[in-house]
Amino acid sequence: MFKEIPSKVSFPEMEEEIIQLWKEQDTFRKSLEIRENDKEFVFYDGPPFATGLPHYGHLLAGTIKDIIPRYQAMRGHYVSRRFGWDCHGLPIEALAQEALGLAGAPAIKEAGVDVFNEQCRSMVTKYVEEWEKTVTRMGRWVDFENDYKTMDTPFMETIWWVFSELWKQDRVYKAHRIMPYSWKLNTPLSNFEAGRNYQDVQDPAITVRVKLLDFEFEDAAALIWTTTPWTLPSNLAICAGPDIDYVAIKDKETHQVFVLAQARLSAYYKKEEEYEILKSYKGSELKGLKYEPIFDFFADNENSFQILNDDFVSTEDGTGIVHMAPAYGEDDYRICREIGIPLVDPLDDDCVFTAKVPDYEGQFCKDADKAIIKALKHGGKLIHQSTIQHSYPFCERTDTPLIYRAIDAWYVRVEDLRERMLKNNESVHWTPDYVGEKRFANWLADAKDWNISRNRFWGSCIPVWVNVEDKSDMICIDSIEKLEELSGQKVTDLHKHYVDEILIEQDGKTYKRTPEVLDCWFESGSMPYAQNHYPFENKEHFEANFPADFIAEGLDQTRGWFYTLMVLSTALHDKPAFKNVVVNGMVLAEDGLKMSKRLKNYPDPTLVINKYGADALRLYMIYSPVVRAESLRLSEDGVKNSLRHLILPWWNAYSFFITYANIDGWTPEQSVPERDNLMDRWIQSSLARLEQQVTDAMDRYDLQASVRPFVAFIEDLTNWYIRRSRRRFWKTEDDNDKVQAYSTLYDVLLGLCKIAAPFTPFISETIYQNLKTDVMPDSVHLNDFPTAADAKRDEVLEGQMAVVMSAVEQGRTLRAEYKLKNRQPLAKMHVVCDDEKLLGNIQVLESLISDELNVRAVEFGTDSSELATIQAKPNFKQLGPKLGPLMKKAVPLINSLTDEQIAAISAGETVPVELEGKSVELTSADIEIVRNPKEGMAVSAEGALVVGLDTQLNDDLIAEGLAREFVNKVQNLRKEMDLEITQRISIGFSSDEEIETAVSNHQNYIEGETLAVACEKAAVDVENCTELDLNGHSCSVSITAAD
RNA sequence: GGGCGUGUAGCUCAGUUGGUUAGAGCGCAUCCCUGAUAAGGAUGAGGUCACAGGUUCGACUCCUGUCACGCCCA
């Protein structure tokens, strides 16, 4: 006996039970153990920041990261799945700052880096429990016990090793980075922090003339515009856009010659009469022109004081020529660095001018604006002066304006790796392909050196110790052992507050660690090595299992994890770090906007799971374009739909099986291998097809395509196989056919569980648990994925069935059209097809058609002329290339071919047609024959198949129709009375003569269908009788249970 | 501003190497069936395939441009 299925099933509750079962039986661990000696399928988990609760993006990625490993495990691989936690970086620092009430870097330093870092450490695990709960609830199998944390000492030690490898390759260098800087706090801020306090301010906006040297016009000057006059003493270049149009003009009032962008003329002159255009230039033509330094503090600076070109220049404001002070602007820095202009920074830590600029020494930079403007005016260099109101970032803590300036930074040289990275990327299989071939490849082709240092606290430290006397003298540490050896101290923790205390004394020199920590992307990119503590441990295992077979993350990781993995694996091993990658798109709210806690525009994930179940949510997400990097508008209705559309029908099929198997006492031991019934062979073939389709798609990592065939299969199973086979399970005699039916449905349901197991692990398990025998593995997930599909497929039979289904569909359409309800039997149906072979195929399945459409006989034939007319249509695909431009003329000719001509062509003859004086021979391949039902007949035509219904009714048919009507009403009454399916009854009825005759003529049928021991004309018992309407005849019926 | 992607029915999405009647589900309407019952089935209405050009005998599909949206970068 199978376990009875409760009449009301709650999928979420069922899932909770399965989670409990897996926990008790330790199924995940078992699934690993049974594969221990098999080939590894290597999966890397990209570590999430656990600074909040998981959202749909995580659930989606988690589902993908579950399905593929589950599938690969069932395909016979050992798939270890270690969860990863990203512990370092700003998100967690922000939480710690909040908890400690510290508003910025100086406050942290003041409170003590040790206090702060320990706070971070204690908070990392804050959400771990919730994460584990949700991830587990989604059905994801992942190892939380052997997880890796980026803050673990072994992990951090490997980070040092990775860094040292780059160092050895001379790939690490120090340069600058332009960052927002708080002069009040003496510290750089992250761009993230700077973005949180914008204020509207007024700044001076001045236009300055820069005297051009050796220009074709005398006394000519380029005009530049700036809102930061204090950066002008540090001006080292000016920049024009290469494609922007510039003009040299003569100011009619001052007779001076100015160069500026043509598009900006109107900003400086109200009328065209005020100037004369001398000549036009492209920005590229101005490139290289020298000019006289605005101030002479740095007049000797290398390569300086020339016009440069860059695309960043716009003509939206200013003059179209941009002043460059490389120490104070990101573009300035980048462009000047490319050309080899060393930066100058005459400000001290407080942003006060130093002696390098003696005129303004001691003045705070912004306060010097006035004096600088005055000096410019004095020197005749100021052309225009105004003020501008704009929004500008301020320091959160001190409410003082931030200064963008060059900060010391560490870089990894990446630009020379571009070609190797591109080559390595070619061997990666991306899903979808364009992300790798276009998006990622483009990004690699233009890769910039990677800034890996952060002026923060909670992170892996840059393992470089610098000679306090000579900053160019540095020692790179590659292991704990080495640091202990050089410092003579025991090293227990690699965080900043520990290692900063460690000094190295060597040859009488003292070395102190550089204060920066590493970008946490450096850690995620090092994860393949660091999670294994490579090369300190697991050396062989790592090397045998690198790169990973599979990773999966969101599209936003193109420049994140995917990139850093590629940079480091290319630098260290000249290989990609992963062979296959699935890129998912973003999950949006139903309104197409980002999900927002504030707007509450999305349903809480937990609520959705508890309402519809994780399987439904998994299916919904996977069966959508979001697994192909497109965005998904998540809708609760969609989740509901996947439940109703796939899970419920599947469950109903299973429930049907259990109900009848238990009634008949059928058990798997009674299973037989024979399949005499074509329906049985057909559904097994369908299952085999499903198996093939899913395997194909999964091997391509195409998840959406893996789910799609389930829809068709569930349809086949429920709406054709079971519906058409129900009677085989109901019939009372326990014959061979019935046993085969049970055997088939059992096999199919069991097979379906296995194929669906990676996608819907819960319902698959639930059904499996009830179906499995003692000799089968304890869990569906411990099975091998079915792969014997080829043997079970019968494509001929599948084709036959498709035609039968088409015939039935046409019959249904005709019944609907002629308002003949299915309970009314019809005498005859015509199925006509001039393809005898095809017809023969259908004929085999005659009973399916007659049964389904409730017709007494099906007449098969090859001559459709009585039912339909035929017409020829051109076969465009065939004729198009043959006729070319004559095609249009040929269409009406072919449409009007006579029946005789069509018959001749289809008989294999060729028929000549006149086209523009040319004769064209039409062959059977050139035309398609279309059949049109004759008017006034119940006929339908589709392709080669013509179906006709005999709509004539006689007394006999009407009587049978009434009997069926009678059965239907009685069955409804049984249900209303809540009778057991197997309960026997007695029927008493009273009605007119026609009904009486109908009932008595079909008494056996009625009693058989309704499980009645008697069905007799009886006096009406007013108490227990129900008044029925049988096709217009009234009838009183009373039903009583018969022992 | 740049790279990539997306735009097909009211909604969510399919649509094979270009072939003339562009499909499915949901929703809606009408009907059917009900011993699978949180069911199931059929039929119908609903589309200038974002827009504009081009290539072609023929374009949802290929090319160019425009617009809208998304992701990343600047």
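Here is how names work: the chains are called A, B, and so on, in the same order as the sequence lines, proteins then strands, and each is numbered from 1.
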Under 3.5 Å, sequence neighbours excluded: what are the donor-acceptor pairs made by side chains of residues 609-624 of chain A?
from, atom 1, to, atom 2, distance (Å)
A:Asn610, ND2, A:Thr606, O, 3.3
A:Lys611, NZ, A:Glu636, OE2, 2.9
A:Tyr612, OH, A:Glu636, OE2, 3.0
A:Asp615, OD1, A:Phe762, N, 3.4
A:Asp615, OD2, A:Phe762, N, 3.4
A:Asp615, OD2, A:Ile763, N, 2.7
A:Arg618, NE, A:Phe759, O, 2.9
A:Arg618, NH1, A:Asp66, OD2, 3.0
A:Arg618, NH1, A:Met138, O, 2.9
A:Arg618, NH2, A:Asp66, OD2, 2.8
A:Arg618, NH2, A:Pro758, O, 3.0
A:Tyr620, OH, A:Arg633, O, 3.2
A:Tyr620, OH, A:Ser635, N, 3.1
A:Ser624, OG, A:Met621, O, 2.8
A:Ser624, OG, A:Val626, N, 3.2

Return a table of donor-acceptor pairs under 3.5 angstrom between the side chains of residues 648-659 of chain A and protein atoms on other chains or two or more places apart.
from, atom 1, to, atom 2, distance (Å)
A:Asn652, ND2, A:Leu648, O, 3.4
A:Tyr654, OH, A:Asn770, ND2, 2.8
A:Thr659, OG1, A:Ser655, O, 2.6

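OP1 or OP2 of B:G41 has at least one side-chain nitrogen or oxygen of A:Asn719 nearer than 4.0 Å. Phosphate proximity of B:C32 to A:Arg823: absent, as no side-chain N or O sits under 4.0 Å from OP1 or OP2.
With B:C33, B:C4, B:G35 as the choices, the nucleotide that has an atom nearest any side-chain atom of A:Lys438 turns out to be B:C4. Taking only side-chain atoms of A:Leu648, from C-beta outward, the nucleotide of B:G41, B:A38, B:C4 with the closest atom is B:A38. Checking B:G41, B:A36, B:G35 against every side-chain atom of A:Arg812, the shortest atom distance belongs to B:G41.
Side chain of A:Asn309 to backbone of A:Gly283: a donor-acceptor contact under 3.5 angstrom is found.
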Subject >> Protein-to-nucleotide contact annotation, 5' to 3' order, nucleotides 8-20 of chain B [B base; S sugar-phosphate only; - none; under 4.0 Å, heavy atom] >> reply: ----SSS--B-BB
Subject >> Heavy-atom protein contacts under 4.0 Å, nucleotides 22-29 of chain B, coded B base, S sugar-phosphate only, - none >> reply: ---SS---
Sort me out a list of protein N/O and nucleotides 72-74 of chain B N/O pairs below 3.5 Å, or just none if empty.
from, atom 1, to, atom 2, distance (Å)
B:C72, O2', A:Arg559, NE, 2.6

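Applying the side chain to side chain contact (heavy atoms under 4.5 Å, CB included) rule to A:Ala712 yields no partners; only residues at least two apart in sequence or on another chain are considered.
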